[in-house]
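Below, all heavy atoms of this structure are taken into account, side chains as well, without hydrogens, waters or symmetry copies. Below, chain A is the first sequence line, B the second, and so on; all start at residue 1.
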Amino acid sequence: MNYWLMKSEPSTYSWDHLVKDKKTSWNGVRNFQASANMKAMKVGDRVFFYHSNEGLAIVGIAEVSKTYYPDPTDKTGRFGMVDIKPVMPFKTPVTLADIKQDPKLKDMTLVRSSRLSVQPVTPEQWKYVCGLGGVKG
DNA sequence: GCCAACGTTGGC
DNA sequence: GCCAACGTTGGC
């Protein structure tokens, strides 16, 4: 089982929207590194859902429900996407400020490479952040 | 709304 | 294959 973090602007696609939809296709990624990360995902992998621009916090946990396949919105045919479904919300959102000031999390990709929209999370980071969020990962 | 950081593109 | 220009992301 691998762990990931995906970013979305709430004004574009929020956690609540995902819960309402029951699942979504993660289309629109146009970055090779993010795309490569999605290629590495397997069904059942867990994903932190992060709100960028507004909120600036990890708000819940989702799960990969379909592996990488071509993104129909990409006319060049170079990029693909995965499907995800909601698992559970955090009791307490874990904010970027929380993550930045915590020595245990200062190596998270979220801090180090803030612009990457799909990033890996280590099992240690996963457990710890789940603890902060008030849920069992 | 601004601006820094960074990835991608395209000319050479 | 380098690198300048450009566009986009995302925190503040």
Classify every nucleotide of nucleotides 5-10 of chain C by which part a protein heavy atom approaches to under 4.0 Å, writing B for the base, S for the sugar-phosphate alone and - for neither, in 5'-to-3' order.
--BBBB

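With no hydrogens or angles considered, a side-chain donor-acceptor pair links A:D74 and A:T76 at under 3.5 Å.
Test A:F90, A:W15, A:W4 against A:F49 for ring-ring contact (aromatic ring centres under 6.0 Å, His included) and you get one pass: A:W15.
The pair A:D71-A:R78 does not meet the salt-bridge criterion, since no charged nitrogen lies less than 4.0 angstrom from a carboxylate oxygen.
We find the CG-CG distance between A:L105 and A:L110 to be 9.5 Å, quoted to the nearest 0.5 Å.
The stretch residues 84-98 of chain A participates, sequence neighbours left out, in these salt bridge (Lys or Arg N to Asp or Glu O under 4.0 Å) pairs: A:E63-A:K85.
At the heavy-atom level, A:R112 lies nowhere under 4.0 Å from the strands shown.
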